[in-house]
**Student:** 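This is the structure I want to talk about, given as C-alpha cells.
Just so we're clear, the structure is a prediction, and the values are computed from it rather than from any experiment.
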Amino acid sequence: MKKILIVEDEPNFARFLELELTHADFEVTVAYDGEKGLEWALEDDWDVILLDVMLPVISGFDVCRKIRKVKNTPIIMLTARINVNDRVLGLDCGADDYIPKPFAIEELFARMRALFRRYEHTEQMNAVLNFLDLTLDLQARMIRKAGEIIDLTKREFDLLAIFMQNVNVVLSRDMLLDKVWGYDTEVETNVVDVYVRYLRKKLDDTGEGTYIQTLRGIGYVMRS
C-alpha cells in the first residue's frame with residue numbers, strides 16, 4: 001500500500017483528500033502546518049507528498065526546499081495561488097507537479113499515477129540486478145560474472161537486462177523483440193534466438209547448465 005503525506009492547513013479540504021485517498025487504498029497521514037509536515041516528511045518514507053503552499057509556521061515553498069536538500073520524495077504542490085510566478089517558484093523549489101485549486105480528484109489521481117510511473121522507471125534505470133553469480137548494473141551498463149566483467153554488445157546487454165528484470169517469467173520471442181528491438185521493428189523473431197545464443201556463448205560455462213532456458217514453442221525464461 002502506497003503511503004501519502006498530506007500537508008494542508010484547511011481541515012475540510014484535508015479531510016476530503018484523506019477520505020478520497022483512503023477510499024482509493026492509500027495509507028494517508030495528515031499534517032496541518034508546515035513545521036509538522038516537514039518533520040514527518042523527513043522522518044519517514046512516502047510515495048508522494050501533497051503539499052499546500054500557504055501553511056502556518058513554515059510555507060510550503062520552504063518545506064519543499066528543505067525536503068529536497070535530503071530526500072527525493074515525489075512532491076505535488078496544491079494551492080489556490082494560480083499566478084504563473086507562484087507555479088514557477090514551486091517547481092524551482094523542487095516540486096514535481098503543481099495543481100491549482102479547485103481541481104477534480106480524478107486529475108490528482110492521474111498526476112499521482114504519472115509520478116509513480118516516472119519514479120519507478122528511474123529506480124529501475126538505477127537498479128543493480130542480481131541472478132546467481134551475475135550482477136548487472138543498469139546505469140553503468142556493466143555485467144559481471146563472479147566479479148569479472150563480461151563484454152556485451154548493446155543488444156546483448158538490453159536482452160540480458162530484460163531477462164534479469166523478469167526472473168521466473170516466461171518471455172515469448174515476440175515480447176522480447178518488442179522490448180529490445182521495438183514494436184515497429186522489421187526484424188524477424190528468429191533474431192532473438194541468435195542473440196540468446198550469443199549470450200549463452202559469453203555467459204555459460206562449458207558442461208554446466210544455461211542461465212537462459214528454452215521452452216520449445218513458447219520462448220525463454222531465467223529460473224531462480
Side-chain angles (χ1 to χ4, degrees), residues 1-3 45-49 67-76 91-92 94-97 109-224:
M1 182 180 292
K2 292 187 182 298
K3 293 173 59 178
D45 292 324
W46 307 93
D47 291 288
V48 72
I49 297 172
I67 293 172
R68 276 293 170 261
K69 287 181 179 179
V70 293
K71 300 187 81 170
N72 239 0
T73 310
I75 298 173
I76 299 177
L91 295 172
D92 284 346
D96 295 275
D97 205 346
F109 286 160
R111 299 212 189 191
M112 288 171 61
R113 289 193 297 270
L115 261 186
F116 295 149
R117 287 194 299 269
R118 190 189 315 163
Y119 272 76
E120 286 164 6
H121 176 71
T122 300
E123 288 173 0
Q124 286 181 347
M125 289 303 295
N126 293 334
V128 174
L129 307 174
N130 294 284
F131 178 76
L132 301 179
D133 60 350
L134 299 179
T135 301
L136 186 144
D137 187 324
L138 285 167
Q139 189 170 34
R141 292 191 68 83
M142 182 180 295
I143 177 71
R144 294 178 184 270
K145 178 182 177 181
E148 294 189 10
I149 295 176
I150 305 294
D151 185 27
L152 299 181
T153 67
K154 178 184 182 303
R155 294 290 191 200
E156 290 167 352
F157 183 93
D158 291 344
L159 182 59
L160 182 60
I162 296 300
F163 280 120
M164 292 182 66
Q165 287 170 332
N166 294 276
V167 172
N168 296 321
V169 177
V170 176
L171 301 169
S172 70
R173 289 170 177 81
D174 285 331
M175 291 169 63
L176 292 167
L177 196 66
D178 181 17
K179 290 177 180 292
V180 178
W181 282 267
Y183 180 76
D184 295 326
T185 184
E186 296 180 0
V187 175
E188 298 293 333
T189 55
N190 63 359
V191 75
V192 174
D193 303 324
V194 172
Y195 274 82
V196 168
R197 286 201 299 273
Y198 290 162
L199 283 176
R200 285 172 172 166
K201 201 170 190 180
K202 292 184 177 182
L203 298 177
D204 293 349
D205 294 319
T206 305
E208 301 291 333
T210 181
Y211 291 96
I212 304 169
Q213 299 177 27
T214 302
L215 299 179
R216 297 199 179 280
I218 303 175
Y220 297 97
V221 63
M222 267 189 161
R223 292 206 192 278
S224 58

**Student:** Taking I212's backbone N and O only, do any of them form a donor-acceptor pair with T210's side chain (distance below 3.5 Å, no angle check)?
**Tutor:** yes
**Student:** Any side-chain heavy atom of L159 within less than 4.5 Å of one from Y198?
**Tutor:** no
**Student:** Do R155 side-chain atoms and V180 backbone N/O form a donor-acceptor pair below 3.5 Å?
**Tutor:** yes
**Student:** Going by side chain to side chain contact (heavy atoms under 4.5 Å, CB included), P74 matches just one of D97, I49, V48. Which one?
**Tutor:** V48
**Student:** Tell me the closest heavy-atom pair linking R173 and V192, and the distance in Å.
**Tutor:** O-CG2, 3.8 Å
**Student:** Using a strict 4.0 Å threshold on nitrogen-to-oxygen distance, state whether D158 and K154 make a salt bridge.
**Tutor:** yes
**Student:** Going from CG on D193 to CG on L176, what distance comes out if it is rounded to the nearest 0.5 angstrom?
**Tutor:** 9.5 Å
**Student:** So which heavy atom on L160 is nearest to which on M222, and how close?
**Tutor:** CD1-CE, 3.6 Å
**Student:** Without placing hydrogens or testing angles, list every side-chain donor-acceptor pair under 3.5 Å for residues 145-153, not counting sequence neighbours.
**Tutor:**
from	atom 1	to	atom 2	distance (Å)
K145	NZ	L203	O	2.4
K145	NZ	D205	OD1	2.9
K145	NZ	D205	OD2	3.2
T153	OG1	E156	N	3.2
T153	OG1	E156	OE1	3.4

**Student:** Restricting to side chain to side chain contact (heavy atoms under 4.5 Å, CB included), what partner residues turn up for N168, sequence neighbours left out?
**Tutor:** R223, S224
**Student:** Taking it one step at a time, do Y211 and D133 satisfy side chain to side chain donor-acceptor pair (under 3.5 Å)?
**Tutor:** CA-CA 10 Å; Y211 291 96; D133 60 350; 2.6 Å; yes
**Student:** Can you tell me if D137 uses its side chain to pair, donor with acceptor, with the backbone of V128 under 3.5 Å?
**Tutor:** no
